[in-house]
Structure formats: structure tokens, C-alpha cells
Amino acid sequence: DVQLVESGGGSVQAGGSLRLSCVASGYVYSSSVCMGWFRQAPGKEREGVAAIYTGGGATYYADSVKGRFTISQDNAKNTLYLQMNSPKPEDTAMYYCAGTRARWLCNFAPTEYNYWGQGTQVTVS
């Protein structure tokens, strides 16, 4: 079974920094798949924040986080990261790690991600 387990969430002050991690198990991490970070605030739809194509390392960001958040991967550790710098109160949400099966392109459509973690809460004040 594929399992994605997030960690690193918590409370942070605006302008600070936080790093989220997502460890994948039972998942062929080195294949050409998309790994992404999504978030969902109360009363809002789930939205894509950042994604990375594991085959070539191409990265994708939502406009709202460009220049502040960085997605990266460590294939040896089967781990995905989201470095959150200068977070804002509007970044407060539950953050989810997600992955696709083998594909050529990445996008932020939640329905195209096959595997999901349980989420980690990020609160920015």
C-alpha cells in the first residue's frame, strides 16, 4: 500500500519560516510522477500550492506562494519538502501531500492525484 505521511506543521508567526515534510512508502518515488502540496482552509476548496515532477525536477507554484515557498525532493529518503518562508496569515490551512501515478505533466487538479496524506495543520499569526 502507498502511504504518504506529512509532518512539520504547527504555529508560526508571519514572516517566519516552516518546513513541511512528506515521507512516501510503498511508492515508486523515482518514477516519473508528480508530487504536490495542497492546502485547504475551512470553508474553502482544496487548492494546489506547489508541485514537482520527479522525473526531471520541474517545479510548479501557485501565484500566491511564488517567491516564498520552495518544493524539493530527496529521492534517497523518499521525502518531499515544502519550505515556507515569509508565511502570511492567509497561508493558514491544512496542508496535504499528494502523488500521482506515472505521467508526463503536472498540474494542480486534485482529482488527478491518486495518493494523499492525512494532512498537517499550519497556522500563521
Side-chain angles (χ1 to χ4, degrees):
D1 290 348
V2 174
Q3 279 196 322
L4 302 177
V5 180
E6 304 97 335
S7 62
S11 296
V12 62
Q13 289 193 336
S17 64
L18 201 64
R19 189 176 80 161
L20 306 184
S21 300
C22 171
V23 178
S25 60
Y27 192 30
V28 186
Y29 201 83
S30 59
S31 295
S32 298
V33 301
C34 298
M35 295 294 297
W37 287 98
F38 290 76
R39 66 187 181 188
Q40 188 167 19
K44 294 189 176 181
E45 292 187 354
R46 189 168 298 190
E47 63 173 354
V49 174
I52 186 167
Y53 184 62
T54 63
T59 55
Y60 309 82
Y61 295 95
D63 289 342
S64 58
V65 306
K66 277 181 184 175
R68 299 188 299 119
F69 292 6
T70 302
I71 189 171
S72 62
Q73 58 180 351
D74 185 333
N75 286 350
K77 296 182 179 179
N78 272 16
T79 301
L80 181 74
Y81 301 101
L82 183 69
Q83 178 68 42
M84 304 172 62
N85 294 333
S86 300
K88 304 175 182 179
E90 51 264 43
D91 294 321
T92 295
M94 185 72 79
Y95 282 71
Y96 298 90
C97 169
T100 69
R101 297 190 183 102
R103 57 185 294 146
W104 293 104
L105 296 174
C106 297
N107 58 40
F108 287 140
T111 54
E112 298 197 15
Y113 285 74
N114 306 99
Y115 309 108
W116 292 85
Q118 83 288 351
T120 186
Q121 176 68 36
V122 173
T123 302
V124 185
S125 59

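- Within the 3.5 Å criterion, the main-chain N or O of R101 finds a donor-acceptor partner in the side chain of N114.
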Only distances under 3.5 Å count here; give the side-chain donor-acceptor pairs of residues 55-62 to other protein atoms, sequence neighbours excluded, each with its distance to 0.1 Å.
| unit_1 | atom_1 | unit_2 | atom_2 | d |
| --- | --- | --- | --- | --- |
| Y61 | OH | I71 | N | 2.9 |

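- Side-chain contact between L4 and M35: present, with at least one pair of heavy atoms (C-beta onward) separated by less than 4.5 Å.
- Distance OG1/T120 to OH/Y95: 10.5 Å, rounded to 0.5 Å.
- In this structure a side-chain-to-backbone donor-acceptor pair under 3.5 Å is missing from S21 to Y81.
- Contacts of Y113 classified as ring pair (Phe, Tyr, Trp, His ring centres under 6.0 Å), with partners at least two apart in sequence or in another chain: F38.
- In terms of modelled atom types and a separation under 3.5 Å, the side chain of Q40 and the main chain of M94 share no donor-acceptor contact.
- The side chain to side chain donor-acceptor pair (under 3.5 Å) search around D63 returns K66, not counting sequence neighbours.
- Hydrophobic clustering keeps W116 apart from L80 (ILVMFWY residues linked when any side-chain heavy atoms are closer than 4.5 Å, directly or through intermediates).
- In this structure, R39 fails the cation-pi test against Y96, since its NZ or CZ atom is not both closer than 6.0 Å to the six-membered ring centre and inside 45 degrees of the ring normal.
- Legend: disulfide bond (SG atoms under 2.5 Å apart) pairs involving residues 65-100, not counting sequence neighbours, sorted by first then second residue: C22-C97.
- Residues passing the side chain to side chain donor-acceptor pair (under 3.5 Å) test with Q3: none are found, sequence neighbours excluded.
- With Q121 contributing its side chain and G10 its backbone, the two residues share no donor-acceptor pair below 3.5 Å.
- To the nearest 0.5 Å, the span separating CD on E47 from CH2 on W37 amounts to 14.5 Å.
- Evaluation of the side chain to side chain donor-acceptor pair (under 3.5 Å) rule for R103 yields E112 as partners, not counting sequence neighbours.
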